[in-house]
Visitor: 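Dropping a structure here in structure tokens format, bear with me for questions.
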Amino acid sequence: MRRTTWWAALLLAGCASLPSDVLAGPTGSSRYVKVRLLADASAVSGGKPFRAGVKLEMADGWHTYWRNPGDSGLPTKVAWTLPEGWTAGELSWPLPERIVAGPLASYGYHHEVLLFTTITPPAKVTAASVPLAAKVSWLECQEACLPGKAQLDVTLPVAATATPSADAAAFEAAAARVPRPADWKVTATREAGAVHVRFEPPAAARQASFLPGAPGIVAHAEEQALQASGEASVLRVPLDANGTVPERWQGVLVLDGGARAAEIDVPLQQGTGASTPAAAAAAPPPPPAAALPGTAAVTTLPVALGFAFLGGLILNLMPCVLPVLSLKVMSFVRHAGEDPRRAWRHGAAFTAGVLLSFWALAGVLLGLRAAGEQIGWGFQLQSPSFLVMLTGLFFLMGLNLFGVFEMGASLTAAGSLAAGRTGLASSFWGGALATVVATPCTAPFMGSALGFGLSQPTYVALLTFTALALGMASPYLVLSLFPRWLRFVPKSGAWMNSFKQLMGFLLMATVVALLWLFGQHAGTTGMTALLGGLLLMALGAWLYGQYGTELSSPRVRLGAATVAAALVAGGLVLGLARAQAATPDALPGAPSVQNGIVWETFSPEAVARMRADNRAVFVDFTAAWCLTCQVNERVVLSSDRVAERLRQANVATLKADWTHKDEVITRALAEHGRQGVPLYVLYLPGAAAPVLLPEVLTEDLVLAALSTL
Amino acid sequence: MRRLLTLAGALVLACAPAVPAAATVGQAAPAFTLTDTAGQKHALADLKGKHVVLEWVNFDCPFVKKHYDSGNMQKLQKAYTGKGVVWLQVNSSAAGKQGAYPADRAAAMNKERGAASSAYLLDSDGAVGRAYGARTTPHMYVIDPAGKLVYAGGIDDKPSTDQADIAGARNFVSAALDEVLAGKPVSVATSTPYGCSVKY
């Protein structure tokens, strides 16, 4: 029976073959790809497996795809038609290239590739020859893609002994490029957003990448980070946020750019970090970082809240909050000697202002992040428009303190703080303002607390912000509860006016700092435009001060107020127009030099490269608007002692500038459990985990961290 | 107790940076405002309360041709816009790259094909494509009336350029739309998109 069907098949094949394309011959082509069906034997023999395959030759610049095409494309397909009793194994795929196009990556072959399989004839073959037919389809792409297909066949004579063909060497070469099952110990563990592939190759790998066997699992274009972990290496393979997570981890592990490659197929274990798909969107580095005082990894809610409170408290001493602090001190001076119950109410209003604005900040931050924005603490200062508004506000407040104008009762809200009025609203807005100006600073303990809070469910994030707010407001609250402590403050009098004007200069200093920040975004021209805008605002404020007072008639007052409002608005528009068309003077990306130390631009690849060279790597995560960062850089990192030590120890210095929105840096910060700058990361050679330095640096601290080098 | 703390610590570390790299199913769909071929602006925020489909398109791509030459895509567009769904084609081809055409030409090509979408949006800087992590043409997204992404992936389960495969394929987009329109959760919320790469 079996034999008759075999014969029937052969006959059928023979008949059909005559005119049609079934016996199309061994070659075919499409526009940019030539294909040929070939075997490694010129004669085959019963029971003796041999190899047959399809060789694809691509025109220059064109490629076809691997078994997993990656982000786009289609795998080449080979469907065999063999006589009954003849079986073809699975297709063998030589190691492909990773082809990157912008944010996408695929796997495939340029020039040529031989995809082959093993064909096993039945033990006994009676026919004199055997037809092998293959239907081949592929997608050929350069920039554009075209589908291609071909129907190929060859007829091989059957002989008593198999003889190798002229193509045998090509098969050997192709087979040598097919990754073999790994003989190293490999485990795969699912963590949040990534799979950690741990392997122990005979010799440590300097570079590794994992090519997944199937699409829809791995984020192909994302960086895979390799870390040494004792004898083993751990490769972090980021998962596709919308992908599926398989039961088994299958694919090819490529070491040192293809010098070694192995097929792996291991069960996927659940790691401690694996959780909901939402949390799987991004992930942390495998080993926790060593901690220095003030940077201890925050692991529980109570610790996070404690740190947040402490951070908030210290925030009051940071330079950002100082101008507002001075205003606050002034208002305390005024309230000193008042009814204690009233003082208490002012303290509460101030606290409410701080709390509500921290919540608003948290709300905006969480909302924007839910919408997919890559942002963190201080994000609003990455927006030039926000800087313009803030500059304008501070400038007007400064003018107010100088006495250029006084605010009418109807506008108590924002202005009265500066005027030192005694309304509760003034205390409230004082709190709000303190919060807004606090953001360019990161106090010790804050970084790790915020990093924790923002990574947790919304209510935890809100709790962390609440603790931060309470920490910041606590000194005022305490002072207002115990007004007697203010007894030493002199009685208010004429000196208050001079004091107020003096405070105006502090606010102007803040304006200078903000202008400099804006200049980082908008360049000299933009900064000049904003200065022009400030001039208009000053004119408006002066007009209002001269003619908008109760001394003038209502008509004149209205006129003055209108013109003043128009001038202030015009000034803002002038600045905002430049904010929209912001062009920095210098494009980021060039290395900067500070006291002889060259700070290269940060990228995860640069870190990996320099670590591979066995160098210590110091990364400075900074931003122009981050005052803490600027102070650290100027006072500590570019000090003679630190610079000398960095040079001496041949430390690779990298700068990650977060002044503008930058997703790579946001993600890198997140990998260290942070949501903002500053962050100082020191990788020591041979150590898997980096050392994180505290937010506020001292020379001794940095030198101590570098002492082991 | 100590083990519990360690476990909590590991969890915290692992969950720390929950920042989505691209649009993630089950979360808010990234906001955008794009101009269509007629010069009209469309903001996702204005489409709250409606079901929205995003279809990444490039008429020069053989995978897109498969679904337009067969009439499959137009049929879907017609069926669901008829049910109140807002169907937006998005072209993220960068200027000079394959599939990039001036607005009037793009509109004419869409008309020639009898497309029945609500609008054809131009995203030549690729910002929206990148925000959504659009990789292929076609790459399909379904957004529910609350603005949540409920489906992301391929149009169906037969990755090929062959029109003959459409008949036997399981269409994930119509399945997802039928389910959300009926107020049911989407049973297949993600799949692997197939097609040409988006020409960013």
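A, B, ... follow the sequence lines: proteins, then strands. Residue 1 opens every chain. Below, each value reflects all heavy atoms present in this structure, side chains not excepted, and no hydrogens, waters or symmetry copies.
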Visitor: Taking side chain as everything from C-beta outward and backbone as N, CA, C, O, which of these in A:I217 sits under 4.5 Å from a heavy atom of chain B? Side chain, backbone, both or neither.
Guide: neither
Visitor: Does the side chain of B:C196 come within less than 4.5 Å of A:C145's, by heavy atoms?
Guide: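 Side chain of A:C145 against side chain of B:C196, heavy atoms only: contact under 4.5 Å found.
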Visitor: Return the minimal non-hydrogen interatomic distance between A:G216 and B:T192, and the atom names on each side.
Guide: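 Distance-wise, the nearest heavy atoms are CA-OG1, 3.2 Å.
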Visitor: Out of B:G153, B:A94, B:A189, B:G195, which one racks up the most heavy-atom pairs below 4.5 Å with chain A?
Guide: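 Looking at each option in turn, the highest pair count goes to B:G195.
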Visitor: Is the number of heavy atoms from other residues, nucleotides or ligands under 6.0 Å of B:K65 NZ greater than 12?
Guide: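 Counting neighbours around NZ of B:K65, more than 12 heavy atoms of other residues, nucleotides or ligands fall under 6.0 Å, so yes.
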Visitor: Quick one: what part of A:L104 sits under 4.5 Å from any heavy atom of chain B, side chain, backbone, both or neither?
Guide: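 Only the side chain of A:L104 comes within 4.5 Å of chain B.
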Visitor: Please find the pair of heavy atoms, one from A:K77 and one from B:P159, that lie closest to each other, and give the distance.
Guide: NZ-O, 4.0 Å
Visitor: To the nearest 0.5 angstrom, please state how far the OG atom of B:S160 sits from the CG atom of A:L74.
Guide: 7.0 Å
Visitor: Are there more than 12 heavy atoms of other residues, nucleotides or ligands under 6.0 Å from atom NZ of B:K50?
Guide: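 It does not: B:K50 NZ has 12 such atoms or fewer within range.
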Visitor: Compare every heavy atom of B:R135 with every heavy atom of A:S72, then report the nearest pair and how far apart it is.
Guide: CB-O, 4.3 Å
Visitor: Please determine whether side chain to side chain contact (heavy atoms under 4.5 Å, CB included) holds for the pair B:T161 and A:K149, giving the CA-CA distance in whole Å, both sets of side-chain angles, and the decisive distance to 0.1 Å.
Guide: CA-CA 11 Å; B:T161 54; A:K149 59 179 173 184; over 6 Å; no
Visitor: Heavy-atom distances under 4.5 Å only: say whether B:A134 touches chain A with side chain, backbone, both or neither.
Guide: backbone
Visitor: What part of A:A101 is in contact with chain B, defined as an atom under 4.5 angstrom from a non-hydrogen atom: side chain, backbone, both or neither?
Guide: neither
